[in-house]
Amino acid sequence: MNDRDRRILRLAVPSILTALSTPLIGIADTAMIGHLPEVAFMGAVSTANLIFNAIFWCLAFLRMGTTAMVAQYFGARDSRACAEILYRSLLLAVLMGLGIIATAPWIADAGFALAGGSAEVQYWGDRYFAIRVWEAPLALGVLTLNGFFLGTANALAPLWVTAVANMVNIGADYALIFGKWGAPELGVEGAAWASVLGNSAALVTGLLILLLRYRSYLLAWPRRIWDFRPMRRLLQTNAFLFGRTLCLQCAGFFMLGMVSRMGEAQLAANAVVLQVWGLASFGIDGFAHAAETLVGNSLGARLYAEARQLARRIIFWGFVVGSVFGLVYFIALEEIAALFTEHRQVIAHVSALYWYIALIQPLNAVVFVFDGILIGANDMAYMFKAMAVSAFAVFAPAALVFVFWLDLGLAGAWLAYNGLMLGRFFTLWPRYRSDAWLRSITSAEDAEEQR
């Protein structure tokens with residue numbers, strides 16, 4: 001193993017552990033709710049979780065944009081610029097979180113109307129949503145802090161933050177859903193309160209790490225927090241990332257809308273598959289996060305050949321890990337589904353999809369690493385265009401063909417989603433092969449100053 005591989009794994013392994021543990025909040029909710037007597041409870045929590053995922057993923061630019069810009073300034077050894085990005089991003093996170101709370105009734109109405117589902121699913125989902133929405137400023141603040149930590153090549157800090165969140169959430173899930181350890185038995189509502197508690201613990205942990213490890217950065221208060229040029233660059237970066245994620249969420253909601261109308265068993269099976277799919281995705285994201293940091297650091301230092309070599313090696317590692325996930329799902333998807341629920345009809349629907357879930361994983365891995373490379377390069381405009389083409393020119397027509405024309409049901413929906421991943425691969429591959437992404441925002445600033 002050479003020095004380049006060691007640098008990659010030093011960042012990727014903690015990031016993989018962080019990423020693998022990230023979906024544990026949703027997995028814990030799904031698994032524990034899955035052992036309650038009503039199937040509708042699983043559908044309710046799954047639907048509400050998808051709405052929250054749509055919100056937080058659309059606002060995940062607070063993490064990705066912060067990482068992309070901090071990584072390049074960290075590579076250029078400009079600590080003041082790193083701190084300014086952190087402060088501005090945290091301000092945006094707080095404002096957006098408060099905005100989500102203020103508009104929660106309208107978000108819930110629109111989300112559940114789009115998702116569909118039975119009256120019972122919508123009733124319990126709405127009650128879950130009304131409680132969990134209070135975590136919005138907390139979760140967005142955690143995203144921003146983790147983005148800053150990753151940009152400074154600190155992959156252990158997000159691991160600690162996520163580990164604390166998961167331990168608190170899982171313990172609170174057990175106590176509040178089932179009424180253990182002297183807590184009230186709240187069922188679905190208990191799962192929502194557990195998530196709020198988990199995010200509260202995560203934010204406190206992140207702020208403690210910031211105070212203990214980054215004291216010199218905190219003292220570098222921005223001269224003007226709303227300085228037009230850097231704020232414009234931050235907002236432009238975040239706007240393209242928001243558009244990219246919004247396209248992905250449109251595909252996710254379109255898929256949920258189709259599946260929710262197939263029946264409660266199919267909806268519950270889809271919830272399980274989403275957790276399984278997410279587990280692999282978050283695992284590969286560990287290498288994508290390493291790509292964001294290492295490519296960004298190299299470009300900030302203007303080491304363009306090094307950025308290309310690191311990108312090539314991270315793609316290799318991502319493909320290997322994706323293949324391992326694919327093999328596991330090919331062999332044991334039914335057994336994995338049985339860990340989530342005791343309902344045999346739901347398990348049967350999940351196990352019937354093993355071909356569609358397993359074989360696409362190596363390609364998924366390469367796509368996720370492409371994302372990390374282009375985020376590290378701050379090539380957000382191209383990422384937005386590529387995702388828009390994949391979602392609306394590939395996924396949507398495939399869904400119409402496989403679900404509505406050929407009537408393939410849940411299998412057709414996941415065939416269409418595989419089409420989305422193929423579309424992403426064939427739009428991102430040419431960009432990676434070119435040299436258009438090999439550019440530095442720090443060198444662009446120098447050019448502006450010289451003019």
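Just so it is clear, the structure is predicted and the values come from calculations on it, not from any experiment.
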Q: Would you confirm whether Tyr329, through its side chain, and Val276, through its main-chain N or O, come within 3.5 Å as a donor-acceptor pair?
A: yes

Q. Got a donor-acceptor contact below 3.5 angstrom from the Asn418 side chain to the Tyr356 backbone?
A. yes

Q: Give a yes or no on whether the ring-centroid distance for Phe52 and Phe129 is below 6.0 angstrom.
A: yes

(Q) We want to know whether Thr152 and Tyr214 form a side-chain donor-acceptor pair, criterion being a heavy-atom distance below 3.5 angstrom. (A) yes

Q: Look up atom CZ in Phe242 and atom CD in Gln249, then write down how far apart they are to the nearest 0.5 Å.
A: 10.0 Å

Q: Could you tell me the separation between the OH atom of Tyr354 and the CD1 atom of Ile336, rounded to the nearest 0.5 Å?
A: 14.0 Å

(Q) Please verify the inter-ring angle class for Trp317 with Phe287; under 30° counts as parallel, over 60° as perpendicular, anything in between as tilted. (A) parallel

Q: For residues Tyr417 and Trp277, establish whether the separation of their ring centroids is below 6.0 Å.
A: yes

Q: Determine the interplanar angle of the Trp429 and Phe370 rings, folded into 0 to 90°, and report it as parallel if under 30°, tilted if 30 to 60°, perpendicular if over 60°.
A: tilted

Q.
So which atom in Leu234 and which in Arg88 form the shortest heavy-atom distance, rounded to 0.1 Å?
A. CD2-CB, 3.7 Å

Q | Inter-residue atom distance Phe368.CZ - Ile284.CD1, 0.5 Å rounding | A | 8.0 Å

Q) Where the side chain of Ser351 meets the backbone of Glu334, is there a donor-acceptor pair that is under 3.5 Å apart? A) no

Q: Any pair with a residue in residues 395-416 that passes salt bridge (charged side-chain N to carboxylate O under 4.0 Å, His left out), sequence neighbours left out, goes on the list, sorted by first then second residue, please.
A: none

Q. What is the minimum heavy-atom distance between Val394 and Ser390, and which atoms define it?
A. CB-O, 3.3 Å

Q. What is the minimum heavy-atom distance between Gly141 and Leu203, and which atoms define it?
A. C-CD1, 4.1 Å

Q) Taking Ser89 for the side chain and Leu86 for the main chain, is one N or O donor matched with an acceptor at less than 3.5 Å? A) no

Q: Sequence neighbours left out, what pairs pass salt bridge (charged side-chain N to carboxylate O under 4.0 Å, His left out) with at least one residue falling in residues 236-247?
A: Arg244-Asp371

Q. Checking Thr293 side chain against Leu150 main chain: does a donor-acceptor pair fall under 3.5 Å?
A. yes

Q) Roughly how far, to the nearest 0.5 Å, is the CG atom of Leu186 from the CH2 atom of Trp193? A) 9.5 Å

Q.
Using every non-hydrogen atom in the two residues, find where Thr66 and Thr144 come nearest and quote the distance to one decimal.
A. CG2-O, 3.9 Å

Q.
If you compare all heavy atoms of Cys247 against all heavy atoms of Phe392, which two are closest, and at what distance to 0.1 Å?
A. SG-CE1, 3.7 Å

Q: Could you walk me through whether Leu92 and Leu235 pass the side-chain contact (heavy atoms from CB on, under 4.5 Å) test, one step at a time?
A: CA-CA 10 Å; Leu92 288 176; Leu235 292 175; 4.0 Å; yes

Q) Any donor-acceptor pair under 3.5 Å linking the side chain of Gln361 with the backbone of Ile357? A) yes

Q: Check whether any side-chain N or O of Glu135 sits under 3.5 Å from a backbone N or O of Leu197 as a donor-acceptor pair, and report yes or no.
A: no

